[in-house]
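In what follows, a structure is listed as structure tokens, so that the remarks can point back to it.
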Amino acid sequence: MRRERRVGRRRRSSVWKGLAAGAAGGLAAAWAMNQFQAPWSRLAEGEERSHGAQSLQQGTPRHGIGRELELRGSDDEDDNAAVRAANAVSELVFEHRMTKGEKEAGGAVAHYAMGVASGAIYGALAELLPEATVGTGMPFGAAVWLIADELVVPALGLSKSPTEYPLETHVYSVASHIVYGLTTEVVRGAVRDAL
């Protein structure tokens, strides 16, 4: 009985360590993703954009959260999915209309929060199922792209439908998420080894 408790405790603590290591990896990876995207957006759009791959997901969706923000008069055609998420929390939860500067800061917070949360989930999963780290995190990054950018974000109305964006936007996004996944795994592994 006593041995079973120790084993159970050890397993839980490794999941917590995995969560912490994954969160650290996700934070570093969200930053790395922005660094990867800066020159790309500068070339493609003539301006540097932040907020991760969602930075090119502009245009007001005609459904869900985007539609609600548009009806309230607080959505801007230039808002991207990360900015729209921050704006939605501000408007719909706190009933506060954000200034342009607040939207930019909020978009950055939303981008990093998503990076940390996804990394934490990945870190915990890596503890329970080590096969999840195959491909040095790149399949994880592609999965985050598919699930978040292509399915959840448009379904919530934080962006328009994936079919409304050109192919180069999707290429930019998947490449950015592969960088995200790779960085998450490299940092997660190093932090986990240190713990």
Side-chain angles (χ1 to χ4, degrees), residues 23 26-27 29-122 140-181 184:
L27 178 63
W31 178 83
M33 182 186 225
N34 282 352
Q35 301 316 300
F36 170 79
Q37 293 169 333
W40 189 322
S41 62
R42 204 172 26 250
L43 287 172
E45 300 288 314
E47 65 179 300
E48 196 170 306
R49 296 176 179 267
S50 57
H51 313 142
Q54 299 78 24
S55 65
L56 292 185
Q57 293 175 330
Q58 295 174 297
T60 301
R62 303 294 179 227
H63 68 284
I65 293 169
R67 179 71 177 139
E68 177 63 29
L69 292 172
E70 182 183 42
L71 291 172
R72 289 170 169 255
S74 62
D75 194 68
D76 187 308
E77 209 38 49
D78 290 336
D79 288 349
N80 61 53
V83 167
R84 194 166 283 115
N87 194 22
V89 170
S90 182
E91 279 273 332
L92 305 176
V93 176
F94 298 109
E95 297 183 12
H96 170 74
R97 179 159 296 188
M98 297 175 93
T99 65
K100 188 171 180 73
E102 288 172 331
K103 281 185 176 185
E104 275 303 304
V109 168
H111 168 66
Y112 281 98
M114 176 65 180
V116 168
S118 298
I121 292 166
Y122 174 71
F140 159 67
V144 172
W145 165 75
L146 180 63
I147 293 166
D149 274 22
E150 297 293 302
L151 299 172
V152 175
V153 168
L156 292 174
L158 293 171
S159 73
K160 297 187 286 186
S161 165
T163 60
E164 295 183 62
Y165 295 105
L167 178 62
E168 51 272 8
T169 297
H170 298 283
V171 170
Y172 166 86
S173 184
V174 76
S176 299
H177 281 91
I178 288 172
V179 167
Y180 169 81
T184 300

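Heavy atoms only: backbone and side chains are in, while hydrogens, waters and symmetry mates are out. In this text the structure is predicted, and so the values were computed from the model without any measurement.
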Please report the interatomic distance [atom1]([X]) to [atom2]([Y]), rounded to the nearest 0.5 Å.
X	Y	atom1	atom2	value
Lys100	Asp79	NZ	CG	7.5 Å
Asp149	Tyr172	CG	OH	10.0 Å
Arg97	Leu69	CZ	CG	9.0 Å

If the condition is ring pair (Phe, Tyr, Trp, His ring centres under 6.0 Å), which residues does Phe140 pass it with, not counting sequence neighbours?
Tyr122, Tyr180
Please enumerate all residues that pass side-chain contact (heavy atoms from CB on, under 4.5 Å) together with [X], with sequence neighbours excluded.
X	value
Ala175	Phe36, Trp40
Leu92	Glu68, Arg72, Ala88
Ile178	Met138, Val174
Glu77	Thr60, Arg62

Ignoring hydrogens and angles, tell me if any N or O in the side chain of Ser118 forms a donor-acceptor pair with the backbone of Met114 under 3.5 Å.
yes
Can you list everything that forms a side-chain hydrogen bond (donor to acceptor under 3.5 Å, both in side chains) with His63? Sequence neighbours excluded, please.
none
Does any part of the side chain of [Y], heavy atoms only, come nearer than 4.5 Å to the side chain of [X], both counted from C-beta?
X	Y	value
Ser173	Tyr165	no
His96	Glu91	no
Lys103	Arg84	no

Heavy-atom closest contact ([X] atom, [Y] atom, distance):
X	Y	value
Ala30	Gly115	CB-CA, 4.3 Å
His170	Trp145	O-NE1, 4.0 Å
Pro61	Gly157	CG-O, 3.1 Å
Met98	Ser90	CG-OG, 3.2 Å
Ala29	Thr184	CB-OG1, 3.1 Å
Ala85	Ala110	CB-CB, 4.4 Å

